[in-house]
Amino acid sequence: MPELPEVETTRSGIAPYVEGEVVSKVLVRNGRLRYIVPKALAKMPVGQVVRRVDRRGKYLLFCLDGGTIMVHLGMSGSLCVVDEGLTPGKHDHVDMVLASGVCLRYTDPRRFGSVLWVEGDVFEHRLLKHLGPEPLVRQFNARYLLTRALGRKVLIKVLLMDSRVVVGVGNIYANEALFLAGIDPRMRCGDLTAESSKQLVKAVKQVLRRAIEAGGTTLKDFVNSEGKPGYFQQKLYVYGRGGEACRRCGGLIEHFKLGQRSTYCCGNCQDV
DNA sequence: ATGCGGACCTGTTAGC
DNA sequence: TGCTAACAGGTCCGCA
């Protein structure tokens, strides 16, 4: 579920409640997430101050003095600020309880996400080490994308969703960015030109920025730190709109599979 | 090195 | 109405 805008929405919502506060305990109700949470947290000491809440790609990083709590929301995860006393639901797997009485509650029906404790330089952790640049920084530019695309045979959509190339772009925003750039998702990487690379980078940045402003996309179950949905779904051009009219040309939005992922595009507005 | 397919889970929806 | 199958926002691993 959560792509970069949803993770960033969560981060900015949580930060004011957490930064400068002491973690008094971490309560694990169901540790069977992507990585077994009790094991992953085994060495974590309690009573430390959270210095800041950061984000790298789709990972949330709670930076403490002795290490980092690294949270990934997977497909269906969310993290809400609740009162410690609130009765947990079926999928409320982990609580991070602060000395202030505020509780960060991790909810994840599909359990594809995880909560890890990492000591030392978190960016050297195997899950972060090989990540590509953040999409919203200058380092992610037309020249960079072209360099990474040329000489490869994968489809352009697959490349965009490869976190070693650029982080944070999941299936929804890959579809949207390709539409905005006027590029068919079935185009091969090798066919990217300087011009189309420029358009695509611009589109990726634009769609992510707009989605962050709208508080993310809620298709089914994404909620922010207050348990509220995002509103970007109302602004989607192609994702989830198979068979409907293109908002730009009125043509039919196509829907098919690429790799294993649901793909949407306008055959008229997007060229291979 | 690159590309591809399967695996990890559960809940909801579509279809018979 | 009720059962079953397909599908869903994301990685990560192993094999060719």
Side-chain angles (χ1 to χ4, degrees), chain A residues 1-10 29-37 39-40 55-60 70-79 89-94 106-116 125-132 135 147-178 185-190 207-208 211-212 214-224 229-236 238-243 255-264:
Chain A
M1 155 233 273
E3 303 182 32
L4 186 146
E6 292 73 36
V7 179
E8 180 55 28
T9 297
T10 300
R29 286 189 206 81
N30 182 351
R32 300 188 54 194
L33 304 191
R34 169 142 206 174
Y35 306 102
I36 305 300
V37 176
K39 273 192 202 171
R55 180 187 59 69
R56 177 74 176 100
K58 298 174 188 170
Y59 289 91
L60 283 168
M70 197 158 83
V71 176
H72 197 288
L73 301 176
M75 289 272 262
S76 57
S78 57
L79 203 51
K90 184 178 174 186
H91 304 297
D92 294 343
H93 306 311
V94 181
Y106 179 86
T107 305
D108 187 1
R110 286 177 74 183
R111 292 192 275 121
F112 276 12
S114 205
V115 180
L116 301 170
H125 189 278
R126 64 182 189 91
L127 294 172
L128 301 190
K129 198 173 180 178
H130 302 291
L131 294 180
T147 307
R148 297 300 304 260
L150 295 183
R152 293 197 53 189
K153 290 180 178 171
V154 286
L155 305 176
I156 191 68
K157 181 173 179 243
V158 174
L159 187 84
L160 262 193
M161 294 176 66
D162 183 343
S163 62
R164 289 165 305 181
V165 174
V166 60
V167 295
V169 185
N171 198 32
I172 297 178
Y173 299 113
N175 277 294
E176 293 298 308
L178 287 161
R186 292 161 287 199
M187 187 181 87
R188 293 281 163 185
C189 279
V207 72
L208 294 178
I212 291 169
T217 299
T218 298
L219 292 180
K220 220 164 76 68
D221 48 18
F222 172 71
V223 289
N224 65 21
Y231 294 97
F232 195 72
Q233 62 279 11
Q234 296 164 10
K235 301 184 179 178
L236 297 174
V238 289
Y239 188 87
R241 299 193 64 246
H255 180 206
F256 50 91
K257 292 266 179 202
L258 271 196
Q260 320 277 54
R261 316 305 298 275
S262 214
T263 302
Y264 301 86

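Below, read A as the first sequence line, B as the second, and so on, with proteins coming before strands; counting in each chain starts at 1. We use all heavy atoms of the structure for the numbers below, so side chains are in, but hydrogens, waters and symmetry mates are not.
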For this session: Specify the closest pair of heavy atoms between A/Arg56 and A/Leu128, including all atoms of both residues, with the distance to one decimal.
Result: CG-CD2, 4.3 Å
For this session: Take atom NZ of A/Lys257 and atom C1' of C/dG9, then tell me their distance rounded to the nearest Å.
Result: 12 Å
For this session: Take the protein atom NZ of A/Lys157 and the nucleotide atom C1' of B/dC4, then report the distance between them rounded to whole Å.
Result: 15 Å
For this session: Look at A/His91 and B/dG11 and indicate whether a side-chain polar atom (N or O) is within less than 4.0 Å of OP1 or OP2.
Result: yes
For this session: Answer with base, sugar-phosphate or nothing: what part of the nucleic acid does A/Leu127 contact at a heavy-atom distance below 4.0 Å?
Result: sugar-phosphate
For this session: Going by the side-chain contact (heavy atoms from CB on, under 4.5 Å) test, name the single residue among A/His93, A/Arg34, A/Met75 that passes it with A/Arg111.
Result: A/His93
Problem set entry | Of A/Lys220 and A/Val158, the one whose closest DNA chain B nucleotide lies more 5' | A/Val158
Exercise. Should A/Tyr239 and A/Thr217 count as side-chain neighbours, where that means a heavy-atom distance under 4.5 Å?
Worked result: no
For this session: Under 4.0 Å between any heavy atoms, over every strand shown, what does A/Ser262 touch: base, sugar-phosphate, or nothing? Just pick one.
Result: sugar-phosphate
Exercise. When all nucleic acid strands are considered with a 4.0 Å heavy-atom cut-off, which category describes A/Tyr35: base, sugar-phosphate, or nothing?
Worked result: sugar-phosphate
Exercise. Phosphate oxygens OP1/OP2 of B/dT10: is one of them under 4.0 Å from a side-chain N or O of A/Arg111?
Worked result: yes
For this session: Quickly work out the A/Lys58 NZ to C/dG9 P distance and round it to whole Å.
Result: 10 Å
Problem set entry | Whole-Å gap separating C1' (C/dC12) and NZ (A/Lys129) | 17 Å
Exercise. What closest approach, in Å, do A/Thr218 and A/Gln233 show between heavy atoms, and which atom pair accounts for it?
Worked result: N-OE1, 3.0 Å
Exercise. Would you say A/Phe112 stacks on C/dG10, if stacking means ring centres under 5.5 Å apart and planes within less than 30 degrees?
Worked result: yes
Exercise. Rounded to the nearest Å, what distance is computed from the CG atom of residue A/Leu33 to the P atom of nucleotide C/dG10?
Worked result: 18 Å
Exercise. For C/dG9, does either OP1 or OP2 sit under 4.0 Å from a side-chain N or O belonging to A/Arg261?
Worked result: yes
Seminar exercise, completed: Comparing A/Lys90 with A/Arg34, nearest DNA chain B nucleotide closer to 5' gives the residue A/Arg34
Exercise. Can you find a side chain N or O atom of A/Arg110 that sits less than 4.0 Å from OP1 or OP2 on B/dG11?
Worked result: no
Seminar exercise, completed: A/Asn175 atom CG is separated from C/dG10 atom P, nearest whole Å, by 10 Å
Exercise. Starting at OH of A/Tyr173 and ending at P of C/dA8, how long is that distance when rounded to a whole Å?
Worked result: 17 Å
For this session: Pick base, sugar-phosphate or nothing for A/Tyr59, based on heavy-atom distances below 4.0 Å to the nucleic acid.
Result: sugar-phosphate
Exercise. Hey, does A/Arg126 reach any base, or is it just sugar-phosphate, or nothing, if we go heavy atoms under 4.0 Å?
Worked result: sugar-phosphate
Exercise. Hey, is the side chain of A/Arg32 poking within less than 4.0 Å of OP1 or OP2 on B/dT10, counting only N and O atoms?
Worked result: no
Seminar exercise, completed: Picking from C/dC13, C/dA8, C/dG10, the nucleotide nearest the side-chain atoms of A/His72 would be C/dG10
Exercise. Can you tell me how far C1' in B/dG11 sits from the matching atom in C/dC12, rounded to whole Å?
Worked result: 23 Å
For this session: Would you mind reporting whether A/Tyr106 and A/Leu33 have side-chain heavy atoms less than 4.5 Å apart?
Result: yes
